[in-house]
Each structure stands twice: as structure tokens, then as C-alpha cells.
Chemist: 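Could you have a look at this structure, given as C-alpha cells, before my questions?
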Amino acid sequence: MAYLLGMIVGNGEIKRAQSETTVSIEIPHKKLQTEYVDDVELYVRASITDIRGIIEPLVGSLLRYDTNKRSSTLHFSMGNESYLIREINRMIGRILSHESMRIPQEIFDAPHDQRKAFLKGFGDVTAYIRRSNSFIDKFSHRVYVEIPKNWYLVVDYCNLLQSIGIPVQNIDWGHPNMRDPYMQKYRDGKPNFWKKEHQVKIWAVLYEQIGFVVLHKNRCLDIYADEHRGHFQNDSMAKFSRFYWEVSSSNRPKSSHPSEFDPLLPPEIRGKHYDSWKEIAHDLGYVPQVP
């Protein structure tokens, strides 16, 4: 159930009819081709067997999937009064799209292995890893998790990672101060350039604790995490396990941007100027959690 909820909250849509509800979960192929994997569609199709093994005990033989060059989609339909549909509705608050969903409190309260199962389902439909994701040098590999529009889900996700001891390395917020920090795009006549998905970046060596069910993602994760470990001495690996509030850093001042007042920004940060992703994360609630 935790894995299924992770997939739904990560990239799911729910359609409710008079007597039946359809749940659809998209596994995107975009940006997933790597130097090790050419036929992403084939790998995702092969992974469906493993995914089915996890969630078919819940949905039975009703699970179906469609695939094309852009994505693979899992979907099932059940009666509105079925136990599974009622539980999904209860935990996600009857919200219809992942763009507005939050991580259910039951997941935060769940045992460690169930939180990891949720994160694995979430990552299977939102995360990708490739060599170009590395940080500064070519060996500091990272997993990118893309979350469109949903500011609060970013913070929920980071806090759930924190609950199992995994920090994020960076959040590339879809915010004018982060995506157009010196107003170059604004001056080029592209005032909305900053309205992009949020990207949460996690060290590959830490993401191994979660892993993927989707085969080509897990294959690349193993390769890059091993390469990361092989490059750094054991006594220096601890630096990759620090949370942002445990690291001091100086920030280059960003330009003030007219879109700092944009109504698409959450009320907590609207009208404020930010020089660092960390300041946004703090104001939205990604902060040290008291046990």
C-alpha cells in the first residue's frame, strides 16, 4: 500500500465516475536514456512485472498498462465503495491530481520500511539518474526528483527523506530568484521562464538506501553509486550525509525579480527575496524535525 501511494502521489491521477474510480499512474520515459540504457521503453515494460508483484495483491487482476514512446501508464478501476478506493481517498483527501497531493500523515507515522516503500514508489515515477546529474566533478553523482508545481509536496518529500536519515543536496526551486537569478531571461522578454518544475537532488550513494523497482534506473544507480564511493576516501564520505543546516555556506546575492510577488508562489514565500534555495526550504518547512 505504501509503494502504491508513493506512485500515486508522485505521478498519479484519479478520475471518479458515478459508481467507479480509475487510478492512473504514469512512468515517464523522457530524460531517462543513458549511456548504459538505450531502450528505456523496453526496460520499463520489463519492470512492470516487478511492479505488478508489489501492487497486484491490492488491486488483483484489474491492473492494466499502456505504453508508448513517451511514457508507460499503469491504471486500474474499482467501485467507489471498494475498500482500496476508500482508503486511497481517505489518505490523500479525495484530491484528483499529483499536482495538488500531499504525503499522507499515515506515511510519516508508519514504520521505517513502509516509509522507504513509499519513497521507492515515488521515485519510480519522478526520479532519474544519469552522468550529467553529477555535481562539479564527474564522480559526485546525484539522483534528480522532479516535482511540478507542488511546492508543499517538495517539503513533504524532503521531510520524509529526513525521517530515514537522508538529506537532500540541493533543491532547484521553480522560483524567479533561483531559475532567473540575475534576470537575464526577464530582460530577454521571457518573464515566465522561471515557472518550471522543482528538482530535488540527492546523492546517489545515499539514494541506494531507497533504490528503484524500475530496472534501468536501479542499474544506473548501482553503477554511479559505486563510482562515487570508489573516487572518495572513506573518511570523506561523511560530508555527503550532512543536512543543509549542518553546513555553512555563503550565497551570491541574486537580483530582485518582479515575479517575487507572483500569485503562483505560496503565501509563505510570496513577496520575499531569496539568495539561496535553503532560505526557501526553511520558510516552507524543510527544517530539523524534533523526534
Chemist: Taking only residues at least two apart or on different chains, which pairs with a member in residues 85-121 satisfy ring-ring contact (aromatic ring centres under 6.0 Å, His included)?
Modeler: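 Applying ring-ring contact (aromatic ring centres under 6.0 Å, His included) to every pair that reaches into residues 85-121, excluding sequence neighbours, yields nothing.
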Chemist: I'd like to check P176 versus L265 (side-chain heavy atoms, cut-off strictly below 4.5 Å). Are they in contact?
Modeler: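 Heavy-atom side-chain distance check passes, below 4.5 Å.
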Chemist: Determine the sole option in V168, D156, V154 for which the side chain to side chain contact (heavy atoms under 4.5 Å, CB included) test with Y286 is passed.
Modeler: V168
Chemist: Taking everything shown except K149 itself, do over 12 heavy atoms lie less than 6.0 Å from its NZ?
Modeler: no
Chemist: Are R179 and D172 ion-paired here, with the side-chain N under 4.0 Å from a carboxylate O?
Modeler: yes
Chemist: Would you indicate whether H75, at its atom NE2, is surrounded by more than 12 heavy atoms from other residues, nucleotides or ligands within a distance under 6.0 Å?
Modeler: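 Yes, the 6.0 Å shell around NE2 holds more than 12 heavy atoms from other groups.
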Chemist: Are side-chain heavy atoms of I8 and I25 found at a separation under 4.5 Å?
Modeler: yes
Chemist: Determine, for R229 against E208, whether the closest basic-nitrogen to carboxylate-oxygen distance falls under 4.0 angstrom.
Modeler: yes
Chemist: Does anything in residues 146-182 form a ring-ring contact (aromatic ring centres under 6.0 Å, His included)? List the pairs, not counting sequence neighbours.
Modeler: F122-Y157, W151-W173, W151-H198, W173-H198, H175-Y274
Chemist: In plain terms, say whether D180 and K190 are close enough for a salt bridge, that is, a side-chain N and a carboxylate O under 4.0 Å apart.
Modeler: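 No, no charged N to carboxylate O under 4.0 Å.
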Chemist: Please determine whether side-chain hydrogen bond (donor to acceptor under 3.5 Å, both in side chains) holds for the pair N80 and S19, giving the CA-CA distance in whole Å, both sets of side-chain angles, and the decisive distance to 0.1 Å.
Modeler: CA-CA 6 Å; N80 292 340; S19 60; 5.8 Å; no
Chemist: Passes side-chain hydrogen bond (donor to acceptor under 3.5 Å, both in side chains), Q184 versus D188? Steps please.
Modeler: CA-CA 6 Å; Q184 294 173 340; D188 289 341; over 6 Å; no
Chemist: Flag the pair K272 and E279 as a salt bridge only when some basic side-chain nitrogen lies within less than 4.0 angstrom of an acidic carboxylate oxygen.
Modeler: no
